[in-house]
Amino acid sequence: MQITLNATALAVLIGLTTAAAAQEVAVKIGHVAPTSGPSAHLGKDNENGARMAVDELNAKGVLIGGKKARFELLMEDDAGDPKQGTAVAQKLVDSKVNGVIGHLNSGTTIPASKIYSDAGIPQISPSATNPKYTRQGFKTAFRVVADDVHLGGTLGKYAVKELKGKSIAVIDDRTAYGQGVADEFSKSVKAAGGTIAQAQYTTDKATDFTAILTSIKAQKPDIVFYGGMDAVAGPLVRQAKQLGLVSKFMGGDGICTTELPKLAAGAMADGQVVCAEAGGVEGQEKKTLEAFRAAYKKKFNSEVQLYSPYVYDAVNVMVAAMVKAGSAEPAKYLPELAKTTGHKGVTGTISFDEKGDVKNGALTLYTYKGEQRQEITVVR
């Protein structure tokens, strides 16, 4: 059956459609992570966290300034490369995004942050831990995880006081993250009375560590600390075992993933690796995080790798500020974002200090047993 509308009915229908559209506000949220390269598994995990948050927000029908918000996720790949990071940051600015979640690595987050700052676009990193990010004086820069001062400092103290490490070797990948966390770790080891027997460095794309590990083995260190990501840490642990280096291994959140045992190809002994995630929950909050993990697995048919819960929270913190301000315009909701206090997220309660850092950031120490990550303790 064919239905024809007369001119009056058609005009009414167009008017209703136009009115409905006028009651809707489009909000573009940019997300950047390395979805290609050695850390692609982490980048995809972050992207999934953003997608999960946006899908839920659209399903809820969030109102901003009395209008229904329709959230659009603009996803970019920086490949963990600073130059590509600034290029995609400019692309998002040119696309007039309302805010940005990212980047994953400190080495891409820091240079990109100036581009967002110059454009007045709020940026929340779910994972960049280098202190410099929030110490540049940019009012647009925020993060929802503890920084390297806290991360490296806690691990250094733990290495000496709890693991009884007297002689410790340090390797870093020369990235802003890897070098930053290794430097803070070394400072903390020395302050706690330990000794850095040797400091070595590699790159985030290296695959052969024979020379470095042979040199370290001659020192017979109690602990080897690696500042970098799991894509390098896994092969590093595997090659250390092949060379007969039996030291404990430590690292920051970059290695503290569910993928690490697979990347080490079965070379990790139970309890050999100790690492820290730059966040953590205790008590009743654990149930909320576990519920997120279950929902994530149901939606994407994969386990949470590391940062996706922090991405999920970052999106929701940003949108909560828009709702409070009654506007998705960066200049209007930025003051509300800076005043974020007591936001209940899946990774805990989020409040920002004057620099944009999360207040009272937690760390969770982990080890691995039976190739499964196991929590040791949560510290603040």
Side-chain angles (χ1 to χ4, degrees), residues 25-35 43 46-47 49-51 53-54 57-58 62 64-65 67 69-78 81-128 130 132-145 176 307 310-340 343 350 352-358:
V25 56
V27 181
K28 295 179 182 178
I29 296 179
H31 176 268
V32 189
T35 51
N46 277 27
E47 200 173 87
R51 169 59 60 201
V54 165
L57 289 164
N58 280 331
V62 175
I64 297 177
K67 295 182 178 181
R70 179 173 49 80
F71 297 96
E72 181 185 356
L73 191 61
L74 276 62
M75 299 179 287
E76 295 293 341
D77 172 24
D78 65 16
D81 177 71
K83 287 183 180 177
Q84 191 164 323
T86 53
V88 297
Q90 189 59 56
K91 183 180 177 183
L92 289 175
V93 168
D94 294 342
S95 298
K96 300 191 182 326
V97 293
N98 300 84
V100 174
I101 307 300
H103 301 204
L104 188 153
N105 310 83
S106 294
T108 53
T109 302
I110 293 168
S113 64
K114 185 180 189 306
I115 293 170
Y116 301 131
S117 175
D118 289 346
I121 295 173
Q123 170 193 14
I124 306 177
S125 175
S127 50
N130 190 296
K132 182 182 176 183
Y133 168 54
T134 52
R135 297 183 185 184
Q136 302 172 96
F138 299 156
K139 299 298 183 185
T140 50
F142 302 86
R143 72 172 127 219
V144 291
V145 291
Y307 303 118
Y310 301 95
V311 177
Y312 178 88
D313 277 351
V315 173
N316 281 295
V317 164
M318 184 173 279
V319 171
M322 294 175 183
V323 171
K324 285 181 184 175
S327 174
E329 290 181 33
K332 292 184 179 178
Y333 82 82
L334 180 58
E336 290 297 338
L337 182 60
K339 290 188 287 187
T340 296
H343 178 93
I350 299 168
F352 293 128
D353 67 14
E354 67 284 352
K355 296 193 299 296
D357 283 325
V358 67

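Since the model is a prediction, treat every value here as computed from it, not as a measurement.
Legend: residues meeting side chain to side chain contact (heavy atoms under 4.5 Å, CB included) with Pro335, ordered by chain and number and at least two apart, are absent. Partners of Phe352 under the ring pair (Phe, Tyr, Trp, His ring centres under 6.0 Å) rule, at least two apart in sequence or in another chain, are Phe142. With sequence neighbours excluded, the residues that form a ring pair (Phe, Tyr, Trp, His ring centres under 6.0 Å) with Tyr312 are Phe292. The side-chain hydrogen bond (donor to acceptor under 3.5 Å, both in side chains) test applied to Asp118 returns Lys114, not counting sequence neighbours. With sequence neighbours excluded, the residues satisfying side chain to side chain contact (heavy atoms under 4.5 Å, CB included) with Ala320 are His343. Partners of Lys96 according to the side-chain hydrogen bond (donor to acceptor under 3.5 Å, both in side chains) rule, which considers only residues two or more places apart in sequence or in another chain, do not exist here. Among residues two or more places apart in sequence or in another chain, the side-chain hydrogen bond (donor to acceptor under 3.5 Å, both in side chains) test is passed with Asp357 by Thr134, Arg143. The salt bridge (Lys or Arg N to Asp or Glu O under 4.0 Å) test applied to Lys91 returns Glu76, not counting sequence neighbours.
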Val62 and Val27: CA distance, side-chain angles, deciding distance, side-chain contact (heavy atoms from CB on, under 4.5 Å) verdict: CA-CA 11 Å; Val62 175; Val27 181; over 6 Å; no

List the steps, then state whether side-chain contact (heavy atoms from CB on, under 4.5 Å) holds for Thr35 with Asn46. CA-CA 9 Å; Thr35 51; Asn46 277 27; over 6 Å; no

Would you please test Val88 and Asp77 for side-chain contact (heavy atoms from CB on, under 4.5 Å) and show each step? CA-CA 7 Å; Val88 297; Asp77 172 24; over 6 Å; no

Show the numbers, then the answer: is there a side-chain contact (heavy atoms from CB on, under 4.5 Å) between Met75 and Arg51? CA-CA 9 Å; Met75 299 179 287; Arg51 169 59 60 201; 3.7 Å; yes

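Sequence neighbours left out, not one pair with a member in residues 323-339 passes side-chain hydrogen bond (donor to acceptor under 3.5 Å, both in side chains). Contacts classified as side-chain hydrogen bond (donor to acceptor under 3.5 Å, both in side chains) and involving residues 98-113 (residues at least two apart or in different chains) are given here: Asp78-His103, Asp78-Thr108, His103-Tyr116, Ser113-Gln136.
Rounding to the nearest 0.5 angstrom, the gap separating the CE atom in Met322 from the CZ atom in Phe71 is 6.5 Å.
Side-chain contact check for Ile121 versus Ile115: every heavy-atom pair is 4.5 Å or farther apart. With a 4.5 Å cut-off on side-chain heavy atoms, Ile124 and Leu337 count as touching.
In terms of heavy-atom proximity, Gly85 sits nearest to Ala112 at O-CB, 4.1 Å. Across all their heavy atoms, Ser125 and Tyr133 have their closest contact at N-OH, 3.8 Å. Contact record, Ala50 with Val315: CA-CG2, 4.2 Å, taken as the closest heavy-atom pair. Here the closest non-hydrogen pair linking Asn130 and Ala176 is ND2-O, 2.7 Å. Across all non-hydrogen atoms, the minimal contact from Ser117 to Phe138 is OG-CD2, 3.4 Å. The two residues Ile64 and Ala69 have their closest heavy-atom pair at CD1-CB, 3.8 Å.
The side-chain contact (heavy atoms from CB on, under 4.5 Å) with Val97 is formed by just one residue from the set Ile101, Val93, Val100, Asp94; it is Val100.
Checking side-chain atoms of Lys132 against main-chain N and O of Ile110 turns up no donor-acceptor pair under 3.5 Å. Judged purely by atom type and a 3.5 angstrom limit, Ser127 uses its side chain to pair as donor or acceptor with the backbone of Leu104.
The pair Lys355-Asp353 counts as a salt bridge, with a side-chain nitrogen and a carboxylate oxygen less than 4.0 angstrom apart.
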